[in-house]
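This report concerns only the one structure given below.
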Amino acid sequence: MQFGLRWLGGAVIVLFLVGCGESGSTLTVTGSSTIAPLMAELAERYETETGIQVDVQSGGSGRGMGDVRQGLADLGMVSRALKADEQDLDGHLIGRDGIAIIVHRDNPVRALNDDQIRAIYTGKMQRWDAGSTEGRPITVVHKAQGRSTQELFLAYFQLENSQVQPDRVIGENQQGIKAVAGDPFAIGYVSIGTAIYEADNGTAIRLLPLEGKPASLAVLAQGGYPLARELNLVTHGEMSQPVADFLAFVTRTDMADVYHDYYFLPAAE
Amino acid sequence: MITTSSLPLSDRLLTLVLRLCGGLAALVLGGIVVVLLVQALPFLINEGAGIWQSTWQPGQGEYGMAPMIAGSLFVSVLALVLAAPVAVLLAAWLRYFAPRLRRPVLAGVELMAGIPSVVYGLWGMLVLVPWINQWVPPGASWLAGSLVLGLMIVPLALLVTDAALGQLPLRYQRAGEALALSRVGMLRRVLLPRAAPGIVGGVVLQFGRALGETMAVLMVCGNVVQWPDSVFAPVRTLTANIALEMAYATGDHRVALFASGLLLIAVTGLLLMASWRLRGVSHG
């Protein structure tokens with residue numbers, strides 16, 4: 001027993017030392033949960049090609065910027081354009097995405113105009129149409145504060161967060177998709193990329209057009225989708241060589257298929 | 001207190017290591033409290049009164065936490081109300097009425113206690129919430145949170161109750177049998193009352209666990225900051241609020257979240273002390 005404990009103690013110390021030694025050769029990327037799955041895939045490819053580990057953590061665009069400023073991360077993922085007061089950071093455009101309004105796949109509603117969406121989110125319209133959806137109450141799925149998806153949504157519909165009357169507040173895109181897929185009378189909004197990816201993989205959601213423009217990559221590529229956004233990687237101060245190398249890697253033209261796999265547009269398109 | 005002078009070297013080493021580990025654990029806890037205090041105190045002094053308001057709009061400088069404090073308590077209390085009777089009755093039944101089933105069931109229950117809470121949350125989100133939704137929308141609600149928490153509490157409450165009953169001297173049972181008491185009567189009048197302090201103490205400890213649970217609750221409660229008007233209304237707990245917003249929060253918003261963490265530690269500490277008192281544990 002004592003013998004075992006001593007070994008255990010030794011093993012713990014060794015693990016501790018190994019853990020400390022490793023941190024030098026990795027890159028850390030944190031931020032937007034919209035970009036994170038794409039970045040994780042790119043990071044995996046980068047590791048197979050160069051052997052350099054890239055640690056990707058999702059936690060929202062705000063966190064990405066905060067981590068980069070504090071030096072906790074090498075790169076921050078920000079799923080919108082940088083604002084005027086964020087010019088201390090260097091933005092690097094890697095792709096484009098939009099925000100899609102989603103409902104359950106069995107919901108017969110095929111389109112909602114901006115005023116209707118605004119009415120739903122402010123609680124003025126509480127039930128679906130009597131004819132098509134039995135007049136059931138609408139479950140309004142809203143995002144928690146600080147998410148760039150939420151900021152863009154509110155800005156587009158000219159709403160203040162305090163005006164929104166949600167039935168369910170979620171954090172990540174995936175939670176939003178599960179919330180809508182599990183509730184035939186829910187409405188939510190998530191990244192187009194995530195939504196198309198999930199819908200194509202059999203998740204019970206439907207993307208609604210916005211102002212008559214379907215939420216698709218083709219429309220996004222033509223610049224016709226109204227609620228579009230940039231996908232950025234941000235850095236703070238001078239870029240180190242490993243960071244610059246990784247940035248060059250993720251924007252390489254032969255990586256376009258990875259972006260398409262996640263239904264994003266690479267910056268070049 | 002273990003005296004070390006007469007022990008062999010290996011034992012002395014082990015004692016030293018164990019003391020170091022114990023000291024480290026205490027130091028970490030102390031560190032957490034200090035960090036929370038340092039971060040939250042200026043905010044609490046300046047805006048302490050504001051946290052008892054009802055409006056949580058950090059974007060506009062409103063940090064009312066009352067509905068979330070209530071949310072945490074409501075969800076945990078209902079979870080206990082649902083789980084405690086089930087756990088106590090099941091433990092008593094297994095011990096006195098179906099002793100053959102006791103071992104296999106306890107083994108299964110221990111396994112249940114080991115399932116990570118996020119798995120319960122996932123089940124709640126994919127099965128329980130849609131099910132409640134068909135019945136009373138929106139589904140993600142106070143009730144869903146309490147059911148998931150209750151399910152998480154049952155195994156540990158059951159084990160605690162079983163242990164409390166197991167510690168009763170056998171003579172109670174013998175005397176009861178000699179007096180020809182019915183088994184139900186003996187359980188109700190003698191055994192459960194005698195074991196009550198241990199059971200209640202264990203259950204109070206589970207209440208603390210329920211208050212601190214985060215991910216599972218975040219996934220099923222709906223997270224709307226409001227006073228719930230029924231068990232089917234969504235609520236946001238303090239823990240869910242921290243998990244949802246901490247990554248994005250800056251400035252006062254961030255400090256307000258630290259303050260809510262401090263509040264949680266204070267409540268959990270009070271519950272722990274209540275549990276000690278009830279179980280008659282002395283840590284002198």
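A, B, ... follow the sequence lines: proteins, then strands. Residue 1 opens every chain.
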Exercise. Have B:S76 and B:R209 got a donor and an acceptor in their side chains that come within less than 3.5 Å?
Worked result: no
Problem set entry | Atom pair CE (A:M125) and CD1 (A:I138), whose distance is rounded to the nearest 0.5 Å | 4.5 Å
Problem set entry | Option in B:A233, B:S141, B:P234, B:A240 with maximal non-hydrogen atom pairs under 4.5 Å from chain A | B:P234
Exercise. Looking at A:G182, A:G62, A:G66, A:A186, which makes the most heavy-atom pairs under 4.5 Å with chain B?
Worked result: A:G182
Problem set entry | Chi angles and distances behind the salt bridge (Lys or Arg N to Asp or Glu O under 4.0 Å) call for A:E151, A:R80 | CA-CA 9 Å; A:E151 287 173 25; A:R80 56 168 170 73; 3.2 Å; yes
Problem set entry | Any donor-acceptor N or O pair under 3.5 Å, side chains A:T139, A:D183 | yes
For this session: State, without any angle test, whether A:Y189 and A:H142 hold a side-chain donor-acceptor pair at a distance under 3.5 Å.
Result: yes
Exercise. Is it the backbone or the side chain of A:Q165 that comes under 4.5 Å from a heavy atom of chain B, or both, or neither?
Worked result: neither
Exercise. Should the ring pair B:F232 and B:W135 be called parallel, tilted or perpendicular, given that the plane angle runs from 0 to 90° and is split at 30 and 60?
Worked result: perpendicular
Exercise. Side chains of B:Q226 and B:R236: is there a donor and an acceptor less than 3.5 Å apart?
Worked result: no
Exercise. Any idea which of A:P166, A:G171, A:S162, A:A181 has the most non-hydrogen atom pairs under 4.5 angstrom with chain B?
Worked result: A:S162
Exercise. Side chain, backbone, both or neither: which part of B:Q134 has an atom under 4.5 Å from a heavy atom of chain A?
Worked result: backbone
Seminar exercise, completed: Against chain A, residues from residues 20-30 of chain B with at least one heavy atom under 4.5 Å, in numeric order, are none
Problem set entry | A:I170, part contacting chain B, at a heavy-atom distance under 4.5 Å | backbone
Seminar exercise, completed: For A:L82 and A:N232 the tightest heavy-atom approach is N-ND2, 4.4 Å
For this session: Quickly, which of A:V54, A:D74, A:V56 forms a side-chain contact (heavy atoms from CB on, under 4.5 Å) with A:T28? Name it, please.
Result: A:D74
Exercise. Among residues 116-129 of chain B, which residues come closer than 4.5 Å to chain A, judged by heavy atom distances?
Worked result: B:M125, B:L126, B:V129
Problem set entry | CZ/A:R110: more than 12 non-hydrogen atoms of other groups inside 6.0 Å | yes
Seminar exercise, completed: From the list B:C221, B:G139, B:P58, the residue making the most non-hydrogen contacts under 4.5 Å with chain A is B:P58
Problem set entry | Considering all heavy atoms, the nearest B:W227-B:S54 contact | NE1-OG, 2.9 Å
Seminar exercise, completed: The reported gap from CD1 in A:I196 to CG in A:D97 (rounded to nearest 0.5 angstrom) is 8.5 Å
Problem set entry | Heavy-atom pair with the smallest gap, counting every atom of B:V224 and A:R168 | CG2-N, 3.6 Å
